[in-house]
Protein chains: 2
Amino acid sequence: MQEHGHDRCEEQCVHTDVVESVRREMLGSVSADELAQLFKVLGDNTRIRILDALYRSELCVCDITALLGMNQSAVSHQLRVLRDARIVKSRKQGKNVLYSLDDEHVSGLVRMGSEHVRELKR
Amino acid sequence: MQEHGHDRCEEQCVHTDVVESVRREMLGSVSADELAQLFKVLGDNTRIRILDALYRSELCVCDITALLGMNQSAVSHQLRVLRDARIVKSRKQGKNVLYSLDDEHVSGLVRMGSEHVRELKR
DNA sequence: TTATTATATGAATAGTTGTTCATATATAAG
DNA sequence: CTTATATATGAACAACTATTCATATAATAA
């Protein structure tokens, strides 16, 4: 049985052939969700500043708090978001918890994003 | 006059030397904002699906609407967000408006993000 | 033990964002 | 001209998110 017909859409202008071919190649809705979720986590000023700092050195929570000049609770909440997304990892050392980037994919993304932003400014 | 002292932070544990050196290298608050803004735009399921579709072909609004199986108004609103962020561009052709990716940085980011997501699944 | 310090977390709140609905604009066809 | 079609947009609303405050947990020091 062939796939055809866009029964859930009443538009008239659809370029059927292109649409069909794109439809076959497109990301599944699940993958799109996961990808969007990753970018969503990166899409916050506080979290970007945390990642930018961790890109330069492993740091404990109160170092980060000092660097960002903000509430310790706010920083911990955001670190949790980053940890849950497996973008940063942590290890305990005495009273402190030291955070670092989880892998190089993340720094790659941040570097690439920066480039894009720099491009746009031209 | 030297920079020293974290007067806006009352934490006691700060590793002063590391913090100072990171502070000197860190992204400015403005750049962090711009970068976060870029990722924020990429951090939505609908917009990711639009970009994924446009990565494969230039498409008019109602093609996208059909592909995503959603409200035309919602699609137009999201296209505006993507256009404002200069992630997609558009050209008019008759009654239609054709959208495409603005440059290769964007597809690079999406590809890199996908890789990261794939890594995490292992 | 108690006191102190570092971090984590639940609840409340204010601000933001995505979708829908209704409608406006623009182009083409009759 | 009028009608139909494609796209854009403002307003309203619901859902989500970041921060703050208060407090809990965990480790160390005394």
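If you're wondering where the values come from, they're calculated on a predicted model, not measured in any experiment. Naming convention: chains lettered A, B, ... in sequence-line order (proteins, then strands); numbering from 1 in each chain.
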Enquirer: As a test of reading the structure: which of C:dT9, D:dT9, C:dA8 is closest to the side chain of A:Q72, going by heavy atoms?
Expert: C:dA8

Enquirer: OP1 or OP2 of D:dT19 versus the side-chain N and O atoms of A:N71: is any pair under 4.0 Å?
Expert: no

Enquirer: OP1, OP2 of D:dA8 versus side-chain N and O of B:Y99: anything below 4.0 Å?
Expert: yes

Enquirer: To the nearest Å, give me how far apart CD (B:Q37) and C1' (D:dT17) are.
Expert: 15 Å

Enquirer: Taking atom P of C:dG18 as reference, at what distance in whole Å does atom CG of B:L68 sit?
Expert: 14 Å

Enquirer: Could you please name the option among D:dT7, C:dG10, C:dT7 that lies closest to any side-chain atom of A:C62?
Expert: C:dT7

Enquirer: Quickly work out the A:N45 CG to C:dG15 C1' distance and round it to whole Å.
Expert: 15 Å

Enquirer: More 5' along DNA chain D: A:Q93 or A:Q78, using each one's nearest nucleotide?
Expert: A:Q78

Enquirer: Is the aromatic ring centre of B:H77 closer than 5.5 Å to the centre of the six-membered base ring of C:dT19, with the two planes inclined by less than 30°?
Expert: no

Enquirer: Measure the distance from NZ on B:K92 to C1' on D:dT7 and round it to the nearest whole Å.
Expert: 8 Å

Enquirer: Please tell me which of the listed nucleotides, D:dT7, C:dT19, C:dC21, lies nearest to the side chain of B:T46?
Expert: C:dT19

Enquirer: Of all the choices, C:dT27, D:dA22, D:dT7, which nucleotide is nearest to the side chain of B:N96 once you look at every atom?
Expert: D:dT7

Enquirer: Ignoring hydrogens and angles, state whether a donor on the side chain of B:Q72 or B:S76 is under 3.5 Å from an acceptor on the partner side chain.
Expert: yes

Enquirer: As a test of reading the structure: which of D:dA8, D:dT19, C:dT27 is closest to the side chain of B:S76, going by heavy atoms?
Expert: D:dA8

Enquirer: What is the distance from CZ of A:R47 to C1' of D:dT17, rounded to the nearest Å?
Expert: 8 Å

Enquirer: Go through C:dT9, D:dT19, D:dA8 for me and flag the one nearest to the A:A74 side chain.
Expert: D:dT19

Enquirer: Using distance alone, with no hydrogens and no angle criterion, decide if A:Y99 and A:R83 have a side-chain donor and acceptor under 3.5 Å apart.
Expert: yes

Enquirer: If you assign each of A:G43 and B:L98 to its closest nucleotide in DNA chain D, which residue comes earlier from the 5' end?
Expert: B:L98

Enquirer: Counting side-chain heavy atoms from C-beta on, which of D:dA18, C:dT7, C:dT20 comes nearest to A:C60?
Expert: C:dT7

